[in-house]
Amino acid sequence: MSIRKQREDANLDPITKTPGAHPVGTGIGAAGGGAAGAAIGAVAGPVGAVVGAAVGAVAGGLAGKGVGEAVNPTAEEAYWRENYPTRPYARGGTYNDFAPAYRYGWESYSRQPGRSFDDAENDLKLGWEKYKGSSVLSWEKARDAVKESWNRCCTRK
């Protein structure tokens, strides 16, 4: 395996350069776990809510990091940059046109592992308008790229 490929697979932390960094997955997990822990701990009063939030955030962060391990954004971006021209839906467009759709696919899958694209499609369609930022693609134009990116992550479990 080449050194470059090893670095991509390691998903190095951008600051510390340690392998296995997944700040997005960890952050999402910590936020969700913290909220759930606070709700459960609230039964024991304010102190219970604080303790529950802390314990939930740690557990959620670890779970989110595990989900993040499934998708390496650096590798995904490199894959799609190289392969988008072979996709029929991308004819006449640039990588920059489709990059937000690919990213939306792999990030959305990371938040909902195990869910099929077909089951998630309505939520994805609603979320696209908010997510797409300055992308010029409508959902109809972005859909196939989002689906393909989602399914690529889904099949590598």
Side-chain angles (χ1 to χ4, degrees), residues 1-37 53 56-157:
M1 180 182 300
S2 74
I3 291 174
R4 180 178 179 194
K5 180 68 174 147
Q6 287 174 341
R7 284 186 190 143
E8 287 176 359
D9 288 347
N11 197 29
L12 299 178
D13 182 282
I15 297 169
T16 66
K17 304 299 183 209
T18 58
H22 300 286
V24 173
T26 303
I28 291 169
V58 170
L62 291 172
K65 184 178 186 298
V67 170
E69 291 287 338
V71 180
N72 178 338
T74 305
E76 289 305 303
E77 193 276 335
Y79 175 85
W80 290 112
R81 182 176 296 279
E82 182 177 330
N83 289 287
Y84 92 92
T86 65
R87 303 312 196 257
Y89 56 78
R91 287 197 177 94
T94 67
Y95 174 73
N96 289 335
D97 293 335
F98 288 93
Y102 293 130
R103 191 175 315 107
Y104 186 54
W106 80 65
E107 287 179 358
S108 295
Y109 177 78
S110 292
R111 289 187 297 270
Q112 304 175 61
R115 192 172 179 198
S116 74
F117 178 86
D118 291 338
D119 287 343
E121 184 173 2
N122 285 334
D123 295 335
L124 294 169
K125 181 179 180 180
L126 292 171
W128 175 246
E129 286 305 314
K130 183 177 179 181
Y131 181 90
K132 75 177 191 172
S134 62
S135 173
V136 298
L137 298 180
S138 65
W139 172 251
E140 290 70 28
K141 292 281 189 181
R143 180 191 179 276
D144 289 341
V146 173
K147 181 178 183 177
E148 199 169 15
S149 177
W150 175 288
N151 287 338
R152 176 176 148 79
C153 294
C154 182
T155 59
R156 284 185 295 160
K157 291 192 265 182

> Going through the checks in order, is the ring pair (Phe, Tyr, Trp, His ring centres under 6.0 Å) test met by Tyr102 and Tyr79?
Replying inline: CA-CA 10 Å; Tyr102 293 130; Tyr79 175 85; 8.5 Å; no

> Looking at residues at least two apart in the chain, or sitting in another chain, which of them share a side-chain hydrogen bond (donor to acceptor under 3.5 Å, both in side chains) with Arg81?
Replying inline: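 Partners of Arg81 by the side-chain hydrogen bond (donor to acceptor under 3.5 Å, both in side chains) criterion, ordered by chain and then number, come out as Glu77.
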
>> Just to verify, what does Asp119 make a side-chain hydrogen bond (donor to acceptor under 3.5 Å, both in side chains) with, not counting sequence neighbours?
In response: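 Listed in chain order: Ser116.
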
>> I'd like to know whether Cys154 forms a side-chain contact (heavy atoms from CB on, under 4.5 Å) with Tyr109, so could you lay out the CA-CA distance, the side-chain angles of the two residues, the decisive distance to 0.1 Å, and finally the verdict.
In response: CA-CA 7 Å; Cys154 182; Tyr109 177 78; 3.8 Å; yes

Less than 3.5 Å apart, which donor and acceptor atoms pair up between the side chains of residues 124-133 and the rest of the protein, not counting sequence neighbours?
unit_1	atom_1	unit_2	atom_2	d
Trp128	NE1	Leu137	O	3.0
Tyr131	OH	Glu107	OE1	2.9
Lys132	NZ	Leu137	O	3.3

>> Apply side-chain contact (heavy atoms from CB on, under 4.5 Å) to residues Tyr89 and Lys147 and explain how you reach the verdict.
In response: CA-CA 12 Å; Tyr89 56 78; Lys147 181 178 183 177; over 6 Å; no

> Under 6.0 Å from the CD atom of Glu82, do we count more than 12 heavy atoms belonging to anything else shown?
Replying inline: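 At most 12 heavy atoms, drawn from other residues, nucleotides or ligands, come within 6.0 Å of this atom.
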
>> Tell me every residue that passes salt bridge (charged side-chain N to carboxylate O under 4.0 Å, His left out) with Arg143, counting only those two or more places apart in sequence or in another chain.
In response: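 So Arg143 forms a salt bridge (charged side-chain N to carboxylate O under 4.0 Å, His left out) with Glu121.
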
> Which residues pass the salt bridge (charged side-chain N to carboxylate O under 4.0 Å, His left out) test with Asp123, sequence neighbours left out?
Replying inline: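 Here the qualifying residues are Arg115.
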
>> I'd like to know if the side chain of Asp97 and the backbone of Thr94 have a donor-acceptor N/O pair within less than 3.5 Å.
In response: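 Looks like yes, one N/O pair under 3.5 Å.
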
> Under the salt bridge (charged side-chain N to carboxylate O under 4.0 Å, His left out) rule, what pairs show up with a residue in residues 85-94, not counting sequence neighbours?
Replying inline: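 Sorted result for residues 85-94: Arg87-Glu148.
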
> Can you tell me how far the CG atom of Asp144 sits from the CG atom of Asn151, to the nearest 0.5 Å?
Replying inline: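 These two atoms lie 10.5 Å from each other.
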
> How many angstroms lie between atom OH of Tyr95 and atom OH of Tyr84, to the nearest 0.5 angstrom?
Replying inline: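 The distance works out to 9.5 Å.
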
> Any side-chain donor paired with an acceptor under 3.5 Å for Ser149 and Arg152?
Replying inline: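 No - no donor-acceptor pair under 3.5 Å links their side chains.
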
>> Between Trp106 and Trp80, does the side-chain contact (heavy atoms from CB on, under 4.5 Å) criterion hold? Intermediate values first, please.
In response: CA-CA 11 Å; Trp106 80 65; Trp80 290 112; 3.9 Å; yes

